[in-house]
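First up is the structure itself, then whatever we jot down about it.
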Amino acid sequence: MNLHEYQAKSRLEAFGIPVPHGQVAGTPQEARRIAENLGGTVVVKAQVLTGGRGKAGGVKLAWTPAEAEAHAQAILGMNIKGHIVRQVLVDPASAIKQEIYLGITNDRAARKPVIICSAEGGMDIEEVNRRKPEAIIREHVDPLLGLCDFQINALASGIELPYPLWKQFRRLAQALYDCFIASDATLCEINPLAITEEGDLLALDAKMSIDDNSLFRHPDLAALRDTSAEPEAETRARAANLSYVRLDGQIGCLVNGAGLAMATMDMTSLYGEADGIGPANFLDIGGGADAETVAAALRIILTDPDVKAILLNIFGGITRADEVARGVIQAFSEFESDLPKIVRLVGTNEEEGRRLLEEAHIPNIITATTLSEAARKAVAAVKGG
Amino acid sequence: MNLHEYQAKSRLEAFGIPVPHGQVAGTPQEARRIAENLGGTVVVKAQVLTGGRGKAGGVKLAWTPAEAEAHAQAILGMNIKGHIVRQVLVDPASAIKQEIYLGITNDRAARKPVIICSAEGGMDIEEVNRRKPEAIIREHVDPLLGLCDFQINALASGIELPYPLWKQFRRLAQALYDCFIASDATLCEINPLAITEEGDLLALDAKMSIDDNSLFRHPDLAALRDTSAEPEAETRARAANLSYVRLDGQIGCLVNGAGLAMATMDMTSLYGEADGIGPANFLDIGGGADAETVAAALRIILTDPDVKAILLNIFGGITRADEVARGVIQAFSEFESDLPKIVRLVGTNEEEGRRLLEEAHIPNIITATTLSEAARKAVAAVKGG
Amino acid sequence: MAILINLNTRLLVQGITGQQGLFHTRQMIAYGTNVVGGITPGKGGQWVEGKPVFDTVRCAAEATGANVSVIYVPAPFAADAILEAIDAELPLIVAITEGIPVRDMMRVRRALDQSQSRLVGPNCPGLLTPGQSKVGIMPGHIAMPGSVGVVSRSGTLTYEAINALTQRGIGQSTCVGIGGDPINGTSFLDVLQMFEDDPDTEKVVLIGEIGGTDEQKAAEFIGQHMTKPVVAFIAGRRAPEGRTMGHAGAIVEGGVGTAAEKIALFQSVGVRVADTPEQIPELVAS
Amino acid sequence: MAILINLNTRLLVQGITGQQGLFHTRQMIAYGTNVVGGITPGKGGQWVEGKPVFDTVRCAAEATGANVSVIYVPAPFAADAILEAIDAELPLIVAITEGIPVRDMMRVRRALDQSQSRLVGPNCPGLLTPGQSKVGIMPGHIAMPGSVGVVSRSGTLTYEAINALTQRGIGQSTCVGIGGDPINGTSFLDVLQMFEDDPDTEKVVLIGEIGGTDEQKAAEFIGQHMTKPVVAFIAGRRAPEGRTMGHAGAIVEGGVGTAAEKIALFQSVGVRVADTPEQIPELVAS
């Protein structure tokens, strides 16, 4: 889960990291009032959960409150890579001597957090990495020892940070690490971290991503989720604990397990591509899903108007086939649907599951034994339908 | 450094551990007012930095405010093992079903903290250990991983804590560990930890000791030190960063290094015991002591009326003999003293040190080369003086 | 012989009184696995399916002589359960639980590195040595004893592969689900080495996914050290780039870990890659 | 040969620009120790006594090929300095600093256990191989080359013993101060083993103290594994019970670790125990 810039900055500030004291506006008038209160030059910044807003014209400098209002007017409602801007952050502009980069993320291969620093701040770090990899200093953090001061010194030394700033930088980097750990973040990034004309460090922009699996222990972070920008189906899927990604095909897939769900997508693509037929979605009901979860998944698929056939592929392990059957029956007792339903039900309690489905007499059910068979039948059903 | 019961309990409470909401009184009248405010039965408890106050009559139950006042009257000013009671804690009395023990300390041999729990609370844990060692459950804590819930479960299971209390107990034990670590404690002990009639856990009494070496990062804890009960010389020694323990002999020792200081005590005892002569103190000026520290040490020794001779034994390593000589000269320029001064100065910069001392012409200086010679000369000086 | 579990496996079930734990304990017992006891803190002294329940793993291990533990504990408590099994020095720990936070697994991983224990999982279907022992949630009836070792990052896709093999009369030595999480206990490489060393295993089936670099390392290992033939299947060929597909592990990161890349690497070291799960037994048999 | 340090020692000084660091760097260079550089974060690029100063130990070690680091950093920063030296994989780290909090040393100790580095100290006078190399703060002129290994928990009391030996014309192979803190890097036992294995060492002098159980373990080791004669001295025979005498290590805990107990144990395994420091050379010579 990603946080908006203003949310990330407010969290960083709670851990002691200096940030500009701007405010968020939902209307141009609000933006003007904030600019008036701040006084001086301000920056008006689109709050969207995607990169590249600068290039899209989503970040503008304003010398007067009237200008701030005009910029907010232009930015609010903007569509940046499919994300509609609903809020702008109005920050006081700062006089800047240098911009650096400081971020922490998890290094999968090393199985440790890694703190990354570069004197080349203000631009995409991936871009810096391609162009000038020696400008990036990395320190892996032992998750049990935590970030040590000597590692921060190594970063400061590596980017040739002026010595009078080292103490401030140590405090800030420690605070960033504390925030990363305490938030179960997968990314905490300050870019740019400005050295102001007054010789202070200031986090001008920030990104934070939170490990979704950790949200059970972070109700405060979970409450920050902005669902206004994402498709309603994804919001509902998350609420039902489903892993759902909408795609552009016609076969609504409901599968247990991410690997099998991907293989199901692969098979429908493989058999359907000659006819322009493919999966309408990736949908993994997870391990041990109960009838209610299955029903919720079917409801999401059934509300997608592009879906012309449903492919239900369950290989029971921790998920029990009889529970899945109950969910299917429950969903179709609510929604009447004439769509072809290709059902493949194997594994734990498969006989009981098949029996339940047969007894329920749901219309237009097509059974299959193997995955390939199920995928081929689904493609055929779309072609025939 | 040890905390008073009321200080320890207030700190435990800050970490989320339930404690009785009593208050501290310095006069019987205050104790009465606190008892009136609390209502009901109260306990009046002497606040002294020593054990055994129960047996000494320093803990009394009071059914009325008047009784609380009378008890406070009796307890305030009491001398418990050389400690004068200057404050009492007035706590509400609790209805108790069971008393257990829960403490954390450092296990030197294992180089880890160890959390200790026993169903036999309310008495000295050393006593329980002697009488019924199987009643004590121990879990060593990996200082990098921290206290794990499974370890707390093992404690709860080991003392057969009723299951409905486990969740509360886990929270409390975690809080105790957090407090132990965050306070750089060497001991955090709740004894007794009461199970109340209402089925809650309540820390009725608590002890905390703080690692003196850590106080630089705990100004709040350092400020809690109660110097009212200790000899003034020890307070002054600590302020000057000296390690000082008063003993009952006549030879004031000033030594660099704890081992050498102990050996110096051993030698003066060895040569003096036939004549009832021995060390007046243990005094280690530490490594790298400067002239000011040496002068402070000499001032402390010179204000001890029992001291009949001074033995200065310095083997320079990180401590430089010339610095020590400067301190000696400084101290004796302030205090005129005719006491015999046995000086042994060897090691780093010894020639310069000896030269400085000679040029200062301090009266009654006796030089020595070896430790045994210095100890024998000090004993002889006391005998002759 | 087989690998990791066999007839000598003495199994503890952590979370035995929970819904999943109880259901799969019954399944494992029904399969013939020697379940010797279970752990649920606070329920020590109870009995479940004729097996004693303990408060702690240490007590359970001492009382039963267990050598494997399987974990069905919910995600918020799962890391603690793994640490407890490590602390009790069990040689093999199998964590079924999915959704454990990354930070927890980083801590577990460090504790593991300092121990003698092996962890399989988390977020995995467990282990199955057909005809001998089943630890986890794999449906036992789809497998049959034989000489093909199966190792997989996926859960249900593993069953798919096992089922396809059995349907064609090809039995398995041991089936190992290593789990799809970014930080786990046992890698493809570990299991490939075990299969290479196992006299009961003649061929190996590897089921991979998009994302991460485990398959690349496996391919390298196969090229350098494996003498036994390997057949692979990689899920996610048609996955759109940059979107997470369920597994924390299954994300395509800037060109690293695409299916095409992994398939090419496998083929370069002589591994035959199946296009469909049903094709796996054909390649194994040929 | 000797142990731990010799003519091949290439030394880094952590905290080289501080008062103590600078003073003792001069002393060590004057003694002939091969100081190859120093570290003070933020002062990288400067030169001290003709030696280059670096911001980090890793850079310093790479640039100089150092194999030992000595730490004079003040207590609040000393644990970080040790961790840095461990991270830079220096084989030998000598920490002079006293007053490091116990909690810091518990963390350091765990990091050490997972590394290949050896730590001597903290709160120790360092190492001295007479005529070859001096690392730390021991006054070099009191020692002379020879075949007696000296190991001690104390600082200045060690000098006392070395001085007494030298006065009697008895030289030393290596003198090792292991430090008086409750949690340290190297124990009596470690050093006794090294002396036992060192062809240049013929006899050993051990200087102990009251408190703790290190001397007891040393006595056990001597009884079981040492072939070379050992002479001991224990400080604190006359210490009142239950009072801390300076060292965090030197506290008599409820009958555990009294001088009498330690002396008796040493004598029971054939170690001769001196009554005064001056008696040490007599016992060594006899």
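Chain letters run A, B, ... following the sequence lines, proteins first and then strands; every chain starts at 1.
Counting heavy atoms of neighbouring residues, nucleotides and ligands inside a 6.0 Å radius, atom NZ of B:K207 does not exceed 12 of them. Remark: C:Q46 CD is packed, more than 12 non-hydrogen atoms of other residues, nucleotides or ligands lying under 6.0 Å away. In this structure, B:E13 places its CD atom where more than 12 heavy-atom neighbours from other residues, nucleotides or ligands lie under 6.0 Å away. More than 12 non-hydrogen atoms from other residues, nucleotides or ligands lie less than 6.0 angstrom from OH of B:Y177. Residue C:E220 qualifies as open at atom CD: its count of foreign heavy atoms under 6.0 Å is 12 or below. Enclosure of atom CD in B:E198 by more than 12 non-hydrogen atoms of other residues, nucleotides or ligands within 6.0 angstrom is indicated.
The candidate from B:F150, B:Y163, B:W166 with the greatest count of non-hydrogen atom pairs under 4.5 Å with chain C is B:F150. Between chain B and the residues C:I39, C:D80, C:V57, C:L83, the most heavy-atom pairs under 4.5 angstrom are made by C:D80.
The distance from the OG1 atom of C:T56 to the CD atom of B:Q151 is 11.0 Å, given to the nearest 0.5 Å. Atom CZ of residue C:F54 and atom CG of residue B:N153 lie 15.5 Å apart, to the nearest 0.5 angstrom. Rounded to the nearest 0.5 angstrom, B:D149 CG and C:E84 CD are separated by 10.0 Å. Atom-to-atom distance recorded for C:R107:CZ and B:C148:SG is 6.5 Å, nearest 0.5 angstrom.
Using a 4.5 Å cut-off between heavy atoms, B:L161 makes no contact with chain C at all. Of the atoms belonging to B:E160, not a single heavy atom falls under 4.5 Å from chain C. Heavy atoms closer than 4.5 Å to chain B are found in the side chain of C:R58, but not in its backbone.
Across all their heavy atoms, B:D142 and C:Q114 have their closest contact at OD2-OE1, 4.4 Å.
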